[in-house]
Q: 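Below is a structure I'd like to ask you about.
Owing to the predicted nature of the structure, the values given are computational and were not obtained by experimental measurement.
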Amino acid sequence: MAQEETVKLKKGDYTVHIFIENGRGLLPLNDSGKIDPIVSFKVFGKEKCTKALDDVGSGAAIFWGEHFYFSKENASASEIEQQRLTIEVRDHRFLLKNSLVGCYEMDLTYVYYQKDHTIFHQWIGLSNPEAADFSVVRGYLKLGISVLHESDKAVDLTVPEKPGATEEMLLPPQVKPKTVQLVVRFLKAEQLPKMDRVGTADAYCIAKFSGVEQRTSVITVDEATMSAYWYEEVYLPVMQPCVATKLQVTVLDHDTASPNDDLIGSISFSWDKILNGDYKDHFWANIYGAPPRTDNDESKLMNSIPEMASYWRGRLLMSIFVDEEARAVLKVEKVAEEGIKEKVQQEFEVGEMYEVRAQVFSAIALPDKTGKYGIKVRWAEIELSSTEMRANNGCCKWYESLNRKTTLIPNRSESILPDVFIYLNSGGSNVCYARLSAKECMKLDKDEMWIRFNPDKAINTVKNDWEGGFIKIKVYIGKLSEQKLVRWNRPEQRSEVSMTLLCHLFQCKNLPSSDSNGSADPYVVMYCAGNQVNTDKKAKPNTLNPMWYETLAMEISVEPDTSTPVLIYVWDYDLGSKDDLMGMCIVNMKEIRRDTTLAPRPKWYKLDMGKPGTEEGEILMSFSLQQSGNVPYYSLVPESTEVTIEINILGLRDLKPAVGWMPVNKAFMKFDLKSLQLPGESLPVQELRTQPFEPGPNPNINTVLSFTCMIPVDSLYCPVLNCTVHDYVLYGLSQPLLGTFTIQIGDLLLKKYKRAEAKRQANLIFNRYSTALAPAKLDEEQRNAAFNRYSTQFPAIKIEDEKEEPRRSFDSLNPFKVVEEANEDEYEEEEKDFEPLFSVVQRRKETLVRPFLPKASVGAGGDTMRSLFNTPRASIREEIKAEDMKVEEMQVDRVVIYPQFADDPRKKRKVEVGIPNPEEYCPLGYNREPDDGKKHYRYYIKGELEKSIFMDGSPFDQYDLIRGQSRGLGGIIDTSNKLDEQGQKTNIKSVGKFKGLIRVIKEKSRRRAQAMMEEEEDEIESKEFEEIGKLLLTKTECVVRVYIIQAFDLEQKDVNSASDPYLILKLGNKVINQRDKYQLDEPNPIFNEVFELNTTLPGDSILKIKLMDYDDILSDDKIGTTKIDLEDRFFSNKWKDLPYKPIETRPIYVKSSRRPQGYVRLWLEIFSSKNRDEPLDISAKPPVKYEARVIIWRSEDVPNGDPEGVSDLYVRAWINNMPPKETDTHYRCQNGRGSWNWRLKFPLELSGRCCNIMNLQLWDRDFFSSNDIMGDATIDFNDIAQEAYESGGRVKKLGSSENWQDRALRRENEKFWVEFKKTNPETGKSEYSGKVLMSFELVPEQRALSCPVGEGRSEPNLDPFLPPPTGRLELSWNPVKMVGQMCGPEFKTKICQMVCVVLCLLMCIFMFPMIISNSISNIMFG
């Protein structure tokens, strides 16, 4: 399966879902031939196990069907890259011994980079590194695994495999597995840190790869050199090919008094590089980690992930290579190479001398504005230190050269020189650090540079990332042999120039809320070189989108050509408490223009909290430098135009009360028009508000507000309308805030522009299409049909928010002005009036447009249309054809597919043909008779319907009401532990939703073509606006019909088992509770139920579907909730025009987590209460009760199990996980020809998705020892089970006949042979161990009750009649006959030989006196 190269790991919550389906071929640990398997999964530091099974043979098929879930909250990409999933199978009878049967390990990234971040229905081969022969496959497991980020779409691992699909293995079937020997040689480590309070450290190394690990011996580190010598080789067996990608080497300190050893550091090596031989020669590897004697979560993370480390912890001399010829084993032994110690001494304990130089200039924005600080530069084991200096407003000026130091760098480490660490030292602790690669410091004449400090969270003195500060420093590392005669003198501070730094501050957008009401009181601070200036702290209260349009001026003294960073902070003003930082950004002074008479064009800067990944909010500003005393006046107010804004308010939905115990009384809204007011303008009306009318959490307001205002022409300056929702309590004496939201005026114009642009592009493409394929002119009707086809039916192209870029031509999707020049051509001057305002603040909803653009036309800037017209016609035809096929698959008439049937002469009935792909269609209902229309297949999407092409979002403009804050938490009274996507504490919650229609009417454009497009779009918008507005005035009584099919991947709420889910549906004050229908221990429940609820629209429109976990004693736990806005669908023409509604997959959430707690599949329909259809029957066909009848006739070729050449044979059988049943025992069976004629009966419930496997075992019964297993066999009878489930009749399994004539003619018979096999524990290969003749059939329960048959050979013995077995032991007084029955032919031959010998001896004994007497007589009497 090809990896998705474009997929990238993101920070957030991750879930690992494992579905273990089957197992087979598990090798036992002893000669008994049996195993009691239990499977464990380890990831994220947690372990979960399957249920234990008993007495499973090596050839048996095992069915688990269990689900396991592991989650990791707020995980970084580096953490996920380091995580591995370990799968182990153990024999639970040997838990106190070495019980490992086999294991498998894979990186989580391997799964995440697959399609849909999932592997489906794949077999893995297990290996045992503890076994004598690692190359033996110890068994197989069939798994489905998904690794999903919180933002990824749902994946159902239980989706049935495609009909006829071949079983896949992670070990490709065409690749023959082989084992290779991985050898990791550890020679020595040096400069290790001191880990113990008394002594140094007791170091050892662990090498781990693909689930196999081995450790070296423990060596006490030498106190003088801090070195440890191992001279050991770790041998790891590796089965190739494998899916592990990295060899992990960890260095630890052994503590006898502690159960856990301390981690010194870890190193990862690429498996591909190991195979290429990149590490076969001895080399030094650097060890990185946390500072010594630190022990918190951050230090553990640093020790595990070298990229996050703040300290160099020594180096390790080692080599890694693969020996493909040697027999793979798991062991550790001393290096056998002669003279290895001398080689290390002569080659690797010598090297070249390197020097380290550093010049420290100054530092700014230090954590403590008046603290005392020093600078340390550490490279390898040497450290340079500056003097300490007291800070002045966070600024220190050292201007000193640190004492040069030298160190010996061993040979073979030149290519991986240690990184340089620069520390900010305060009070004897390195509170902040910066890390540079050695390559950045190899130039002697390199200029000094500004470097940002990161707070060392392992020390944790400086808490916030943005408080680290900046240092101006120069560091050089180089060989003494290459040293040039350049001496670094003490750096002199160059004469500073007094200048005026001007910050032209325009506005902010989308700032994080810092007050409990969901708003903030922002002000801006500019800091540079120890100087700072700020805006008025009280000037912008209660807004997240402040506008200033003012210039901040600050006198600074800087060196010429300096690159001093300018820091911009946005703070939230809090009266009576400490102000909260909302974000910051950095501007390089070299980028600032000097001595300009016009204010430079501003740009948007992203605000962060001091490190990547914490960006939230933006600030619009520009900078300039002027000579002191020569500051011109700047006019910052942009050109504006008059617009009319109309807001048709439908109402508010799902409001949460301001106080938890008090319900919402009468909500009303306030619109702050001052938020749109530019400087120098005045509005006759400062605020608009609605009237409190309807009570409750879902009030209908049905009010139209209209007002006129001025907005900027340039898209860069975006106005935002601030809105608040209040409750009307105590006749208006109290008006508590319920929530806030903002309306992006620019978004509304951008939406209109995109529609016009999409239509313009579609027209151009249609012209190209008609020229390429049909040169004849088309009439207007055909043209409109083609346009509608390519502008409304093609899969949506999502237009992301544009970022400021250089000037684009008119062909760009969203052109906007970048610089203002007087000599622009006429076209660009006209176009400027048509520019849409830029979308900037709170995202309202996803904007979807659908122009069809061939791939060749997708370009940047003005080349888009030009590349289209240069595209060859053949390419156009191919791409249009491909898009046609894609659209054809997604047409609405393919949402529902009814099954097709054809006559099957073999089954003598109609069978279903052309079954749709189960990965796209879900079967619903079932046919009582073929073609009765009861069953159909319905297309399902892997997400919510409103985000799919079937609906294209809501017909309304909707905004979430928020309350709470995401900055400024962390005090004593703050109890929130929830983190937002930026890693900051937050208690923000959605407290409702505004719903309405908003449109912006601009003045007429001067450009004719654009005016026509705008006019047309205005007409369309006006028509939609008025149509929906009329509908909102009429209340309609409706019936909401919800078809809930299934839920899957439900979060486990019980401690030792899966959740017991049931449904609760709520719409307004109507509730449907199905607590009495809970499903026990089921993470993937199937409901297939229809629910109907009455409502009035517009009105109560939020349908809540909640899944709960049933508990006997304690209160039930909520698994999660999904919400559906019915008004979005009821008023959507596109949704109403769908003849069939597709199934949607909706995530369910709880308030405490961003990660989905599971998914539910459903679709819904809305009818007028006076006119509705009958609901569809989507219930699955109920399980059908059957009786499985198995007849064991006889066996052949079974090897003898007893030394006397016979066996006491019996057959053991079970279906799925049912209790096993046995035949009687054929005692003293000779030549492996057992005879039973024995019937076994098993009750079955057949369903459409059940796995049906019968396991057979052939045993030899022993009286004075445990029974011996002779062989296993597995029969997969899913085919006849499905046939029986669909037909309801009696079905017999056919197989290879015992009649040679039938076999010659390839005819199957009701009696068939089943071969038994036994796995050789030494080689892992299956060996033939005989065969058994049997019959197998499935009989409906009703027929089985009306025509019963006996178990074994008991009465009623019929259908078929079972005669007594032949060849059984018969009691007889004839000893010869008894011996003949008790012993096998070979043993009987041995007995006969022994009897002959005994007789000969007896004859000799009896004849001996006669022979002696005859001899004496002959002697005496001659």
Q: Going by the rule side chain to side chain contact (heavy atoms under 4.5 Å, CB included), which residues pair with L1345 if we only count those two or more places apart in sequence or in a different chain?
A: E1341

Q: Taking T1145 for its side chain and I941 for its backbone only, find out whether a donor-acceptor pair lies under 3.5 Å.
A: yes

Q: Who passes salt bridge (charged side-chain N to carboxylate O under 4.0 Å, His left out) against E47, sequence neighbours left out?
A: none

Q: Mind checking salt bridge (charged side-chain N to carboxylate O under 4.0 Å, His left out) for E1351 and listing every partner two or more places apart, or none if nothing turns up?
A: K1221

Q: Hey, is E1144 close enough to R1129 for a salt bridge, meaning N to O under 4.0 Å?
A: yes

Q: May I ask you to decide whether D1111 forms a salt bridge with K1053, counting only side-chain N to carboxylate O separations under 4.0 Å?
A: no

Q: What I want to find out is whether R1146 reaches E946 closely enough, with some N-O distance under 4.0 Å, to be called a salt bridge.
A: yes

Q: Between K1118 and D1116 (salt bridge meaning N to carboxylate O under 4.0 Å), is one present in this structure?
A: no

Q: So which pairs with a foot in residues 1177-1186 pass salt bridge (charged side-chain N to carboxylate O under 4.0 Å, His left out), sequence neighbours left out?
A: R928-D1177

Q: Does R1155 make a cation-pi contact with Y14 (under 6.0 Å, within 45 degrees of the axis)?
A: no

Q: Checking A1344 now: which residues fulfil side chain to side chain contact (heavy atoms under 4.5 Å, CB included) with it, not counting sequence neighbours?
A: E1187, R1189, V1339

Q: Output all residues satisfying side chain to side chain contact (heavy atoms under 4.5 Å, CB included) with A1284, sequence neighbours left out; order by chain, then residue number.
A: Y1186, L1246, V1291, L1338

Q: Is the shortest side-chain heavy-atom distance between H117 and S146 below 4.5 Å?
A: no

